[in-house]
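Small disclaimer: the values here were computed from a predicted structure and weren't measured.
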Amino acid sequence: MDIRQLRYFIAVAEELNFTKAAQKLFVGQPAVSQQIASLEKTMCVKLFNRNKHSVELTNAGTVFLKDAREIVERLDRSIENARQAEEGLAGTINIGLLSVSVRRLLPVVVRAFRKKYPKVKMNFVYYNTGQIIKTLQNDEIDIGFTLSHGLQNIAGVEYKTLWEQRKCVVVPYDHPLANEKEVLLEKLAGESFVMLNREESLQGYEHVLAMCAAKGFSPNIVSSASRIDAVLMIVEAGIGISIVSKHLLTYASPGLRFIDIVGDDNSVNVVSAWKSSSSNPCIPLFIQEVNLALNNGASHFSKFV
């Protein structure tokens with residue numbers, strides 16, 4: 001028994017005429033008769049009562065028709081699902097992101113994407129910058145929304161710049177610089193620094209060191225933490241200051257002050273990144289929606305608060 005025999009049987013059962021069934025199937029009538037006879041022989045069941053003038057289903061044929069339709073419909077759905085998965089119209093996409101860097105952009109992108117591709121399941125996980133890159137390389141996520149620290153040096157990772165994001169200095173409210181609107185980075189040479197752990201974000205850690213080295217000093221790191229909100233808490237406690245991405249203004253509290261750094265070389269890009277070798281066809285479709293959203297509202301999405 002094969003699927004062709006089931007389709008021939010269904011056509012004859014619906015038409016109750018071998019000639020009309022053959023025309024519906026675009027085959028010769030002898031081929032239909034042969035396949036029905038073969039099906040009955042395989043099943044050891046008579047499916048039709050037929051003579052020169054009429055064709056009718058037997059009781060066994062009536063029962064089998066329901067199951068045959070279900071089998072064919074299920075197979076057709078499975079084939080269509082497979083085709084959609086190959087084209088990225090169905091499947092799963094896993095997305096890693098920083099807590100606030102794309103909080104304006106992503107809801108717009110996801111809404112548009114789900115409207116076009118409702119059969120694609122979407123999973124979201126928050127990470128630190130370094131974790132996003134690791135999970136991307138390990139195929140734990142398909143796309144990461146992160147900062148561009150060192151991405152150009154990581155083989156096999158492609159990325160698209162979404163917008164530029166400034167770095168700033170965060171200090172406790174009672175710090176001598178607390179009321180300043182901007183500061184020269186070299187003026188911080190004597191300060192105590194709080195950093196996100198090197199293991200959590202190697203590229204971000206080294207970026208801050210490079211910024212300071214370019215101004216002639218190495219930061220005096222007195223404390224570190226595994227989460228950026230913990231870094232801000234330590235700063236607020238008065239233990240030191242930190243250099244952070246300006247999108248963290250969303251974490252602003254009465255006990256913190258965010259101060260711009262003077263100069264044009266104190267920024268980092270917000271990017272979407274993906275593995276160039278990934279075979280997930282949903283990725284280019286999702287990136288396409290990111291591009292459309294940016295084209296329609298880039299200045300809006302890059303605002304911090």
Examine distances only and state if a side-chain atom of Asn17 and a backbone atom of Thr19 form a donor-acceptor pair shorter than 3.5 Å.
yes
Please walk me through it: do Gln23 and Gln29 pass side chain to side chain contact (heavy atoms under 4.5 Å, CB included)?
CA-CA 8 Å; Gln23 293 172 346; Gln29 188 268 329; over 6 Å; no
Rounded to the nearest 0.5 Å, the CG atom of Asn280 sits from the NZ atom of Lys275 at a distance of 12.5 Å
Does a side chain donor of either Gln165 or Ser245 reach within less than 3.5 Å of an acceptor in the other side chain?
yes
Single-linkage hydrophobic cluster Met233~Val222, side-chain heavy atoms < 4.5 angstrom
no
What one should report as the nearest heavy-atom pair of Pro254 and Tyr173 is O-CB, 3.7 Å
Once you round to the nearest 0.5 Å, how far does OG of Ser272 lie from CG of Leu294?
8.0 Å
Treating Ile, Leu, Val, Met, Phe, Trp and Tyr as nodes and any side-chain heavy-atom pair under 4.5 angstrom as an edge, say whether Val231 and Ile221 lie in one connected cluster.
no
Using atom types as modelled and distance alone, determine if a side-chain donor or acceptor of Asp142 lies under 3.5 Å from a backbone N or O of Asn94.
yes
Check the side chains of Ser224 and Asn197 for a donor-acceptor pair under 3.5 angstrom, ignoring hydrogens and angles.
yes
Side chains of Leu196 and Tyr205: does their closest heavy-atom pair fall under 4.5 Å?
no
Would Leu75 and Leu25 show up in the same hydrophobic cluster when neighbours are defined by side-chain heavy atoms closer than 4.5 Å?
yes
Working note: Phe286 + Met122, criterion side chain to side chain contact (heavy atoms under 4.5 Å, CB included); need CA distance, chi angles, decisive distance, verdict.
CA-CA 11 Å; Phe286 194 84; Met122 309 180 73; 3.2 Å; yes
Would Glu180 and Arg257 count as a side chain to side chain contact (heavy atoms under 4.5 Å, CB included) here? Give the steps.
CA-CA 9 Å; Glu180 299 294 328; Arg257 300 292 184 271; over 6 Å; no
Counting C-beta onward and ignoring hydrogens, is there a side-chain heavy-atom pair between Asn269 and Leu147 closer than 4.5 Å?
no
Nearest heavy atoms of Val72 and Arg7, plus distance in Å
CG1-NH1, 3.2 Å
Would you mind reporting whether Tyr127 and Lys134 have side-chain heavy atoms less than 4.5 Å apart?
no
Does atom CG of Asn179 have more than 12 heavy-atom neighbours, drawn from other residues, nucleotides or ligands, at distances under 6.0 Å?
no
From Glu14 CD over to Leu57 CG, what is the distance, rounded to the nearest 0.5 angstrom?
10.0 Å
Is there a side-chain contact between Ser38 and Gln5, using heavy atoms and a 4.5 Å cut-off?
yes
For salt bridge (charged side-chain N to carboxylate O under 4.0 Å, His left out), just list the numbers for Arg69 and Glu73, CA-CA rounded to whole Å, side-chain angles, deciding distance to a tenth of an Å, and then say yes or no.
CA-CA 6 Å; Arg69 282 171 170 161; Glu73 288 172 2; over 6 Å; no
Nearest 0.5 Å please: distance from the CD1 atom of Ile234 over to the OG atom of Ser242.
9.0 Å
For side chain to side chain contact (heavy atoms under 4.5 Å, CB included), just list the numbers for Asn123 and Thr92, CA-CA rounded to whole Å, side-chain angles, deciding distance to a tenth of an Å, and then say yes or no.
CA-CA 8 Å; Asn123 300 317; Thr92 301; 3.5 Å; yes
Taking all heavy atoms of Gly263 and all of Arg166, pick out the closest pair and write down the distance.
O-NH2, 2.6 Å
Heavy-atom distance under 4.5 Å between the side chains of Lys115 and Arg111, does that happen here?
no
Taking the six-membered ring for Trp, are Phe9 and Phe64 closer than 6.0 Å centroid to centroid?
yes
Pairwise distance OH(Tyr159) to CG(Leu136) - rounded to 0.5 angstrom:
13.0 Å
Considering the options Thr146, Ile143, Ile95, which one meets the side chain to side chain contact (heavy atoms under 4.5 Å, CB included) requirement together with Ile132?
Thr146
Main-chain N/O of Val194 paired with Ser223 side-chain donor or acceptor, under 3.5 Å:
no
In this structure, are over 12 heavy atoms from other groups packed under 6.0 Å from Lys20 atom NZ?
no
Side chain to side chain, Leu16 and Ser54, heavy atoms closer than 4.5 Å
no
For a 4.5 angstrom cut-off between non-hydrogen side-chain atoms, does Lys160 reach Val271?
no
For Phe145 and Val290, which heavy atoms make the closest approach, and how far apart are they?
CZ-CG2, 4.0 Å
I would like to know whether Arg50 and Glu56 meet salt bridge (charged side-chain N to carboxylate O under 4.0 Å, His left out); could you show each step before the answer?
CA-CA 6 Å; Arg50 48 197 183 271; Glu56 62 181 15; over 6 Å; no
Under 3.5 Å donor-acceptor, Ser192 side chain and Gly240 backbone:
no
Co-membership, hydrophobic cluster, residues Ile287 and Val102, 4.5 Å side-chain:
yes
Taking atom CG of Asn59 and atom CG of Leu47, what is their separation to the nearest 0.5 Å?
11.5 Å
So if you build clusters from Ile, Leu, Val, Met, Phe, Trp, Tyr with side-chain heavy-atom gaps below 4.5 Å, do Val63 and Val45 land together?
no
Heavy-atom side-chain contact between Lys116 and Glu289 under 4.5 Å:
yes
Leu162 and Leu105 have their tightest heavy-atom pair at CD1-CD2, 3.8 Å
Side-chain donor/acceptor of Thr135 to backbone N/O of Ile141, under 3.5 Å:
no
Considering non-hydrogen atoms only, spot the tightest contact between Phe217 and Leu185 and give its length.
CE2-O, 3.5 Å
Sole residue of Leu177, Ile261, Val171, Asn220 in side chain to side chain contact (heavy atoms under 4.5 Å, CB included) with Leu188
Leu177
